[in-house]
Student: 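Got a structure here, written out as structure tokens. Questions coming.
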Amino acid sequence: MTLHHLLLGRLDLHALPFWTMIEHPTHETIVNGTITTAAAGLEVLAAIVVIALVTRAGKWRYLWSEWLTSVDHKRIGIMYIALSFVMMSRALIEAALMRTQQAFGLGGGFLSPEHFGELFSTHGTIMIFFMAMPFLTGVINFAMPLQIGTRDVSFPVMNSVSLGLTTAGAMMIVISLALGKFSTGGWSGYPPFTEAAFNAGVGPDYWIWAVTLSSLGTMMSGINFAVTIYKRRAPGMTFMRMPLFTWTALCTAILMIFAMPPLTVATAMLALDRYLDFHFFTNGSGGNMMNYANLFWLFGHPEVYILILPAFGVYSEIFSTFSGKLLYGYTSLVLATMAIAVISFAVWLHHFFTMGQNASVNAAFGIATMLVGIPTGVKIYDWILTMFRGRVRFTVPIVYGLGFMMLFVLGGLSGILLANPTLDYQVHNTLFLVAHFHNMLIPGLLFGMLAAYHYWFPKAFGFRLDERWGMISAVSWIVGFMLAFFPLYVIGAMGFPRRTVAYFDPVYRPWMLIALAGAAVVLVALASLFVQLFVSIRRREALAVPAGDPWDGSNLEWAIAAPAPEYNFSVIPDVSDRNPFMIAKQKGDAYQTPAEFQDITMPKNSPLGMALAVAGGALAFGLVWHIWWLVALSCLGVLVAIVGQGFARDCEKVIPAAEVRRQHEAWLRTVAASRAVPRDLEGEPANTGLAARDRFSQAAE
Amino acid sequence: MSGGKKAVGAGTLVRRLAILVVAALLPAMFARRRTGTRSLAGSTGSHGRPEDEQAEYRRELGSYVRGVSLAFVLTAIPFALVHWSMLSHGWLLVAIGVLALVQVVVHFRFFLHIDPPNQHTDDLMLILFTSLILIAMAGGTTWILTDLAARMH
Amino acid sequence: MSRAKDVRHPGLRLGEGHPDVAADAEEMNFGFWVFLMSDAIVFALLFATYARMVSSVAGGLGPEALFDLKSITIETAALLASSFTFGMASLALKYARSPRPLVKWLCVTLLLAAVFLGFELHDFAHMIAMGAGPSRSGFASAFFALVPLHGLHVLAGCVWAIALMAQIAIHGIDKEVKLGVQRLGLFWHFLDIVWVVIFTVVYLGGLA
């Protein structure tokens, strides 16, 4: 063992993205090397620019004490969503690159198969674990405690640890662009391809540790959300009085608690195979790679509903709010949500119908899969009936909602097709499948989360998002999605295998070009989101809604100022029915001064989340590159941080009653000074967050 | 005691088993005698008075003693069954499986204090739901992989 | 009536003599209980994997040749006894006026855990010496993922117990220590349940 190995493990100059093209300059290495180097350079440059800007503004202390160590559920939620946007940008650019490659892939194209493999692997891994999961975790973190009338989640420090671990996992993927190569095994990382025998490099290790960090963080989030909803609801808020988004958050949390262990087990076993020569999934010595597929999808299918249920909750909120009607069929929506959550644990085999089990096993899981269509259908009808005879306002969230409803039904129908094992045998592993799951996840998850972002943004920052750019973005997403993925159904049905870098039959080409155009429109949609944020921040005075209720909402989160105070509620509300804030507005009980203010105890900041993010990230990095001293050191760091946390005392601070009274009264003065706006003026600067009671207001029956 | 399987006469077997059971049950009987005041302590409920606390302490101590005695008995029986190969292979598996399930329930009841009629609904629901998922996952895994293995031969 | 009110979370209830923990105990214990259920799924999947791979010996030694019932008996006795002694520690926390009995029972528990871990390590060493280390076969891999994971949990419980005793030395028996002992109790008794399934499925099942 040389000194170099001792210090840096297997990390050397070959890890640099441009090294191969210098050593072996061929046309292929130069093209691929240049692309990777440019991307890595962009990443490093972005990091330097951010560091320089923060330093120049002198904001490090602010960043540390107000954000990174904060245990406030709202700030943690916002940081999750910020992480999600950053990762989404990268993964979308990768998607566009893949579309470009396939558009010009007749007879070769410009990307090497290895590079293409890295692209679809990082794209999938990021989109699931570091875009979708942080986005929905962030939205639940932000909105759920407000909806149930509590001041924080049950375990605020653990919440910050969840964020830290998720971020550390995301950093693994970020680093893999600049140092070494990522896995080429797809987001599901199937062995034996990802075993050491066929893939001895760092790629699969990056994947394993990124995913493991994220799954640990997600499991903790799940525990946190479930316990919060079980134990911290405001007095009087029984289960059947919870807002529907909270219901979906609860079911998602339960899925996280029970679906993350199989993933952890699968990745841990793969790691044992790779690092310690175990034989779980190897070809020889009694290994059984089919068990990997089994374990992975034991996680993977509930995961699909982890992704989709929160969006269902968001849609329930916005269809009701922006139709000016109460939600139709609350009870059936709750039951449908629970049914989906339970059935989701009984369908995992449909991801590997073709593995070779006998027809009766396939039939059982095929039928279970089709059953999911029933509760989902119930939901769709409930939402339609919520809008029926309502006065639907075409705001950005409802445009996403309508796009979702039409596209999701299409995707669901293609899912019912795939649930039939005989048909699955025909189109399995083709672009038909790729089209199907994008058709579920983009409308079913991303549109929902973007709608949530528009809907709750004013509560987080005190001003609305610009409607015009929002609309441009929403329409671009919908159109871009259709252009990019509908052709894939056709090509898939024509037999084009997924994850294929090039093809030799010109018949695919026109469809690929349409899909490329779709990818371009989607990039426009993404850019519009950033423009919208920029424009909204500049226009924040005109868009301000300090009174806190810009959409004439019906749940507790709208009954407080915007941005929400650190302690959420000056006094914990008493709930007597569903839609408590709507009822209060109708009775004229909203915006009252409580009889008495009390001191509020809130958790203090904690550096534990950051400490574990750094130690966990270093541990993963050390494991990837076989830098054993770093592994030992960071294990020690993790142990010290966790044990040390047990010795922490005096972790709470008190906000005096007088301060709460001062803030509450200041807010009430703002409300008194605000002009109540009717819904027609919702998008105008006149909307400062106080809703007028007009004849179109929601009727609480 | 060695791990090997010996053929032992049926009479010897029964005698050994009986001794084992009696030895393990002794502390349990002892405990039941000592906790004769259990129902009384449970119903008065007011705390703070030393005699009440004493009674509650005795009740809880008795519960632990009974739990650990039962645990030892329920462990000793399958160990004995396997050590002396007292049943045919199939029945042996059934017997140790059933005994393990009983022992799990005993541990839940006496050590984790899961007490169904009085238990908080949340905790009970959680255990039942976990059992459901656990059976679906472990059972499904076994079903799928066994089927595959059978078809590979 | 008071009993029904008292039963708010799994594990030993500290009752009205400890008003300081009453507010937090329900939430903390429930949260930890949820974590344990999640952990139970991890073990369940390892059991299912083991059950599937027990025959994948790849020409190597199988359970009959490798397991020693005598050693397993000692390990089981030590772990069952430790569950009882931890129960005594919980009772000491609830009723004793000084920290001494609590610390004493925790130390006894640690001692029993050390016996358990010692014999278990000895078993593992024996298996590896017989040429049945984890890289020998699918069966050996499944065994060495399942059983040592339980051992690691026990080890983590020991670290936790030591940390709690250090906290007692610094802070006395305050709210955090009480909540910690309650949760460690849940953890400890839960690990006992996992061990019951391990000795049944892995050892007795393998030797039957």
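As a basis for the values below, the full set of heavy atoms in this structure was taken, side chains included, without hydrogen atoms, waters or symmetry mates. The sequence lines fix the lettering, A, B, ..., with proteins before strands; numbering per chain opens at 1. These figures come from a predicted structure and were not determined experimentally.
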Student: Compute the centroid of each ring, for Phe79(B) and then for Phe199(C), and state whether the two points are separated by less than 6.0 Å.
Tutor: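 Close enough - the centres of the two rings lie under 6.0 Å apart.
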
Student: From Phe47(C) CZ over to Leu134(B) CG, what is the distance, rounded to the nearest 0.5 angstrom?
Tutor: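 Separation between the atoms: 10.0 Å.
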
Student: If you count heavy-atom pairs within less than 4.5 Å of chain B, which of Ser90(C), Ser71(C), Ala48(C) leads?
Tutor: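 Result: the option with the highest number of such pairs is Ala48(C).
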
Student: Testing Leu81(B), Ile96(B), Thr75(B) one by one against Leu204(C) for a side chain to side chain contact (heavy atoms under 4.5 Å, CB included), which residue passes?
Tutor: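 Among Leu81(B), Ile96(B), Thr75(B), the one meeting side chain to side chain contact (heavy atoms under 4.5 Å, CB included) with Leu204(C) is Ile96(B).
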
Student: Given heavy-atom pairs under 4.5 angstrom as the criterion, report whether the side chain, backbone, both or neither of Thr141(B) touches chain C.
Tutor: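 The answer is the side chain of Thr141(B).
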
Student: Using non-hydrogen atoms only, which part of Val201(C) is less than 4.5 Å away from chain B: side chain, backbone, both, or neither?
Tutor: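 When you check distances to chain B, no heavy atom of Val201(C) falls under 4.5 Å.
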
Student: Could you tell me the separation between the OG1 atom of Thr200(C) and the CG atom of Leu74(B), rounded to the nearest 0.5 Å?
Tutor: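 So the gap between those two atoms works out to 10.0 Å.
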
Student: Say you draw a straight line from CG of Asp192(C) to CZ of Phe111(B); how long is it, rounded to the nearest 0.5 Å?
Tutor: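 Between atom CG of Asp192(C) and atom CZ of Phe111(B) there are 6.5 Å.
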
Student: Within this structure, what is the OH-OG distance for the pair Tyr64(B) and Ser83(C), rounded to the nearest 0.5 Å?
Tutor: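 Output value for this atom pair is 8.5 Å.
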
Student: Measure across Trp33(C) and Ile127(B) and return the closest heavy-atom pair with its distance rounded to 0.1 Å.
Tutor: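 Shortest heavy-atom separation between Trp33(C) and Ile127(B) comes out as CZ2-CD1, 3.5 Å.
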
Student: When you measure from the side chain of His113(B) to the backbone of Arg13(C), do you find a donor-acceptor pair of N or O atoms at a distance under 3.5 Å?
Tutor: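 Side chain of His113(B) to backbone of Arg13(C), a donor-acceptor pair under 3.5 Å: no, none is there.
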
Student: If you count heavy-atom pairs under 4.5 Å between each of Ile133(B), Leu126(B), Val106(B), Val104(B) and chain C, which one has the most?
Tutor: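 Among the listed options, the one with the most contacts to chain C is Leu126(B).
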
Student: Given that the side chain runs from C-beta out, which part of Leu92(B) has a heavy atom under 4.5 Å from chain C: side chain, backbone, both or neither?
Tutor: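 The side chain, not the backbone.
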
Student: Contact part of Ile114(B) toward chain C, heavy-atom cut-off under 4.5 Å: side chain, backbone, both or neither?
Tutor: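 Side chain only.
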
Student: With a 4.5 angstrom heavy-atom cut-off, is it the side chain or the backbone of Ala51(C) that approaches chain B, or both, or neither?
Tutor: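 Interface part for Ala51(C): neither.
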
Student: What heavy-atom pair brings Asp123(B) and Pro10(C) nearest, and what distance separates the two atoms?
Tutor: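 In terms of heavy atoms, the two residues are closest at OD2-CD, 3.3 Å.
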
Student: Among Leu36(C), Leu80(C), Thr76(C), who wins on heavy-atom pairs under 4.5 Å with chain B?
Tutor: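 Maximum pair count with chain B is reached by Leu80(C).
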
Student: The test is side-chain contact (heavy atoms from CB on, under 4.5 Å); show your working for Tyr203(C) and Val82(B) and say whether it passes.
Tutor: CA-CA 10 Å; Tyr203(C) 291 114; Val82(B) 169; over 6 Å; no

Student: How about Gln54(B) and Tyr95(C): does a side-chain donor come under 3.5 Å of a side-chain acceptor?
Tutor: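 No pair is found: no donor N or O on one side chain lies under 3.5 Å from an acceptor on the other.
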
Student: Counting only heavy atoms closer than 4.5 Å, note whether Leu112(B) contacts chain C via side chain, backbone, both or neither.
Tutor: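 Backbone plus side chain of Leu112(B), per the 4.5 Å heavy-atom cut-off to chain C.
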
Student: Find the distance between CZ (Phe84(C)) and CZ (Phe72(B)) and round it off to the nearest 0.5 Å.
Tutor: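 Nearest 0.5 Å value for the CZ-CZ distance: 9.5 Å.
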
Student: Take atom CE in Met125(B); do more than 12 heavy atoms of anything else shown fall under 6.0 Å from it?
Tutor: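 No.
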
Student: Go through the steps for Met88(C) and Leu61(B) under the test side-chain contact (heavy atoms from CB on, under 4.5 Å), then give the verdict.
Tutor: CA-CA 8 Å; Met88(C) 293 304 101; Leu61(B) 179 65; 3.4 Å; yes

Student: Shorter than 4.5 Å, heavy atoms on both sides: which option in Leu45(C), Leu12(C), Ile41(C), Thr49(C) has the most such pairs with chain B?
Tutor: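 The option with the most such pairs is Leu12(C).
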
